[in-house]
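The next block holds one structure in the form of structure tokens; read it before the comments.
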2 protein chains.
Amino acid sequence: MDVGKWKSIFGRYEAASFTVNKRFGSMIKEQLQDVLTVEQQMTLSYIKRFGSCTTTELAEAFCVQKSAITAIVTRLAEKGYIHRLRDEKDRRIVYLKLTEEGSDVFQCGEEKVFEVVSPYLKTFSDEEIETFLTLYEKLASQVNEE
Amino acid sequence: MDVGKWKSIFGRYEAASFTVNKRFGSMIKEQLQDVLTVEQQMTLSYIKRFGSCTTTELAEAFCVQKSAITAIVTRLAEKGYIHRLRDEKDRRIVYLKLTEEGSDVFQCGEEKVFEVVSPYLKTFSDEEIETFLTLYEKLASQVNEE
DNA sequence: TTGAACAGTTCAACTCTTGAACTAGTTATG
DNA sequence: CATAACTAGTTCAAGAGTTGAACTGTTCAA
């Protein structure tokens, strides 16, 4: 009931996320220049966070088919930023790890992204940012329960 | 100063937005099926909101080159969802408008997207959602001041 | 009048994505 | 044990989105 209220809330969410995502996305792309694409940076980020991971894991986290991940990983491997390691026990599995260079390139990009994004976060008070992040994280965890 | 605190906040923002955007993006794509892509739906949404608009306006709003918009608009026009109207006074300008069918297709997609997204928004209390949206909108407006 | 600026398009090249078909390896069941 | 079903990952063709350079056509100002 009160569908109108929720339509209005949905519309506000749509508009805000559209603006923030397009603008931040464009700034991030600009910072990464021609070194990495945004998807490639996120892929390195994911692997770095978990130390190593598989194609299947990445496909689930990114909500895409495994073949999409294979393509991205192949490009990153060609650039020398990732290497593939076969599991000795279960030889179907391929572990993805960052190379030394991949780790450096990621870190450098992340630093640049931080420099352009953080000024916007800093316009909020401590309390505001904490409230905002807590609610955003709550939304993320709800959405993650599939 | 206190760079560590802002790195941590930045990391939390990155993680939450990654999860929410990938999951919602995938759900939205699934709802739109093979009728429209997400970008196409957002393009129709923008035109609908303003009644009519130009390629240049869309390129600015979407933070992409004009040629990217031309490609999307051409596909939408081929499907019969948009028509192009030259300005009679300044014949360089092309106004984009939805066709009857384009408006219907957009509305139908929007309804389906609402059905899958709104349940997640509804898990918040009235106060939480209002606080969250107010802060998200504040971020959007900050980011919009280029 | 002519040159600069602007709106939009075209084109080649690239990345990302899907979905189907495939290879290779593992597990379960009779 | 054999073999069928499943699993991990890759390959491939096709299509969407994107960039950046070159282009057409139009407007405007010096």
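Numbered from 1 within each chain, the chains take letters A, B, ... in sequence-line order.
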Cut-off 3.5 Å, side chains only: do B:R84 and B:T55 have a donor facing an acceptor?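 No, no side-chain donor-acceptor pair sits under 3.5 Å.
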
Rounded distance in Å - [atom1] ([X]) to [atom2] ([N]):
| X | N | atom1 | atom2 | value |
| --- | --- | --- | --- | --- |
| A:R86 | C:dT26 | CZ | C1' | 13 Å |
| B:K66 | D:dG25 | NZ | C1' | 13 Å |
| A:L58 | C:dC16 | CG | P | 13 Å |
| B:R75 | C:dT10 | CZ | C1' | 13 Å |
| A:Q41 | C:dT15 | CD | P | 16 Å |

Residue whose nearest DNA chain C nucleotide is more 5′ - B:D34 or B:R84: B:R84

N/O (side chain, A:Q65) to phosphate O (OP1/OP2, C:dG19) under 4.0 Å: yes

Can you find a side chain N or O atom of A:T55 that sits less than 4.0 Å from OP1 or OP2 on D:dT10?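 For A:T55, the contact criterion (side-chain N or O under 4.0 Å from OP1 or OP2 of D:dT10) is met.
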
Is any N or O donor-acceptor pair between the side chain of A:R92 and the base of C:dT26 shorter than 3.5 Å? no

Under 3.5 Å, is there an N or O donor on one side and an acceptor on the other linking the side chain of B:S67 and the base of D:dG20? yes

Backbone of A:Y13 reached by a side-chain donor or acceptor of A:S17 within 3.5 Å: yes

Looking for any heavy atom pair under 4.0 Å, which part of the strands does [X] touch: base, sugar-phosphate only, or nothing?
| X | result |
| --- | --- |
| B:I69 | nothing |
| B:T74 | nothing |
| A:T37 | sugar-phosphate |

Please test A:K22 against B:E39 for salt bridge (Lys or Arg N to Asp or Glu O under 4.0 Å), starting from the C-alpha separation and ending with a verdict. CA-CA 11 Å; A:K22 293 294 187 189; B:E39 293 303 302; 3.0 Å; yes

Honestly curious: do A:I93 and A:Y46 fall in one hydrophobic cluster under the side-chain, below-4.5 Å linking rule? no

